[in-house]
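Structure, as structure tokens:
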There are 2 protein chains.
Amino acid sequence: MSDFESTKLGVLRTLIALTRKVRTLFDARTGEYGLTEARARLLLHLSKSGPLTQSELAEAMEVERPTMARLIDGMETSGMVRRDIHPGDRRQRHIHLTDAAEGQVQAVLKLSEQVRADVLAGISEEDLAITHKVLLQMFDNVVKAGH
Amino acid sequence: MSDFESTKLGVLRTLIALTRKVRTLFDARTGEYGLTEARARLLLHLSKSGPLTQSELAEAMEVERPTMARLIDGMETSGMVRRDIHPGDRRQRHIHLTDAAEGQVQAVLKLSEQVRADVLAGISEEDLAITHKVLLQMFDNVVKAGH
DNA sequence: TCCATCTAGATAGATCGCTAACTGTTAGCT
DNA sequence: AGCTAACAGTTAGCGATCTATCTAGATGGA
């Protein structure tokens, strides 16, 4: 088997294993804030975007709506977000960060940048750019293949 | 923000989203065999390696032992694998594919190669090699950071 | 106006991943 | 022989993801 063939065999497997490891690293680091990787990402996203509906958040973070609903459930229970019913359309819930959560944003941002730096250590700008391009291409391929 | 900075921000996010999408694509394709991405991977692994213990399988597929145990539970229930107690060491269970599962290997192999081909479509050998190298580096970084 | 359709969100059920803690078995050392 | 440590596997509990389905509310055409 050529090197190319064995790379093809391994790259998806590496992708999957790496994603799991990144998540567990994130979970370990953010555990003291009552956060997980998914929660931290939502926290940071909301702090940048401002209040959005659940559907908008789901689309922006590329998860399905029930996934987002459950994520919000958990963060609502631990007092990090608030569901506000939109006055003009009672179907919509606008998701706000609570003051407590706003206060954590800086710390989580720092922590998440640290994780990112750890993960990307020793990788050249060129290689990283190529990798990102390739991952985006794969993503596009999967979306197309899904039809 | 430089391009390098924005790539750093996006690449991990793309990685996570891509992994989810690849898994769901796999699940959709293999659904008719009563398989999922994880089950298909175990099926193919066992067909190549021959019978192994649960711990060996867990290590080879880079998941924890309870994860492997439950995966085997499900496949045992649907009649794809068999747990054989090792005569010399009653702690060990040697996991065998059943005849029914052996018969599916070729079809699943084909299917999994098709998914792989779909995902990797249009990506050059050079870029893929770089990507794999970068992912492995990231994996190594995460393992080191986890201590 | 009224009924059909679309949209937003919630709920149910499944899979897969993790850690922590438990049982049973083996091995090793005194 | 017996105690301790290590190992294999299981169980319990939680988080995140998906699809399928349900309810409530909004919209639009007959």
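Side chains are part of it too, since the values below use all heavy atoms of this structure and drop only hydrogens, waters and symmetry mates. Since the model is a prediction, treat every value here as computed from it, not as a measurement. Below, read A as the first sequence line, B as the second, and so on, with proteins coming before strands; counting in each chain starts at 1.
- In this structure, the CD1 atom of A/Ile16 is 14 Å from the C1' atom of D/dT17, given to the nearest Å.
- Here the options are B/Lys21, B/Arg20, B/Arg23, the test is salt bridge (charged side-chain N to carboxylate O under 4.0 Å, His left out), and the partner is B/Glu37; only B/Arg23 passes.
- Looking only at distances, a side-chain donor or acceptor of B/Thr30 sits under 3.5 Å from a matching main-chain atom of B/Leu35.
- Atoms CG (A/Asp84) and C1' (C/dA8) sit 16 Å apart, rounded to a whole Å.
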Does the side chain to side chain contact (heavy atoms under 4.5 Å, CB included) test come out yes or no for B/Arg93 and B/Ile85, once each step is laid out?
CA-CA 5 Å; B/Arg93 314 294 153 91; B/Ile85 294 180; 3.8 Å; yes

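- Distance check: A/Leu135 CG to B/Leu135 CG gives 6.0 Å after rounding to the nearest 0.5 Å.
- A/Lys133 meets the salt bridge (Lys or Arg N to Asp or Glu O under 4.0 Å) test with B/Asp127; sequence neighbours excluded.
- Atom CG in B/Leu57 sits about 13 Å away from atom C1' in D/dA8, given to the nearest Å.
- The closest donor-acceptor contact from the side chain of B/Thr14 to the backbone of A/Leu136 lies at 3.5 Å or more, if one exists at all.
- In this structure, A/Leu35 places its CG atom 17 Å from C1' of C/dC18, rounding to the nearest Å.
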Would you mind writing out the side-chain donor-acceptor pairs for residues 58-67 of chain A within the sub-3.5 Å range, not counting sequence neighbours?
none

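- Straight-line distance from the CD atom of A/Glu59 to the P atom of C/dG9: 12 Å, rounded to whole Å.
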List, one per line, each side-chain donor-acceptor pair under 3.5 Å for residues 98-106 of chain B, sequence neighbours excluded.
from    : atom 1 : to       : atom 2 : distance (Å)
B/Thr98 : OG1    : B/Gly79  : O      : 2.8
B/Thr98 : OG1    : B/Met80  : O      : 3.2
B/Thr98 : OG1    : B/Ala101 : N      : 3.3

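- A salt bridge does not link A/Asp27 to A/Arg39: none of the charged nitrogens lies less than 4.0 Å from a carboxylate oxygen.
- A close approach under 4.0 Å does occur between a side-chain nitrogen or oxygen of B/Arg83 and OP1 or OP2 of D/dT10.
- Of the residues in residues 86-97 of chain B, those placing a heavy atom less than 4.0 Å from an atom of DNA chain D are B/Arg91, B/Gln92, B/Arg93, in numerical order.
- Once rounded to the nearest 0.5 Å, the distance linking NE2 of A/His86 with NE2 of A/His94 reads 4.0 Å.
- Residues from residues 61-77 of chain B that place a heavy atom under 4.0 Å from any atom of DNA chain C, listed by number: B/Val63, B/Glu64, B/Pro66, B/Thr67, B/Arg70, B/Leu71.
- Within residues 17-34 of chain A, the residues approaching DNA chain C are A/Arg20, A/Thr24, by heavy-atom distance under 4.0 Å.
- Under the 4.5 Å side-chain heavy-atom criterion for Ile, Leu, Val, Met, Phe, Trp and Tyr, A/Leu18 and B/Ile123 are members of the same hydrophobic cluster.
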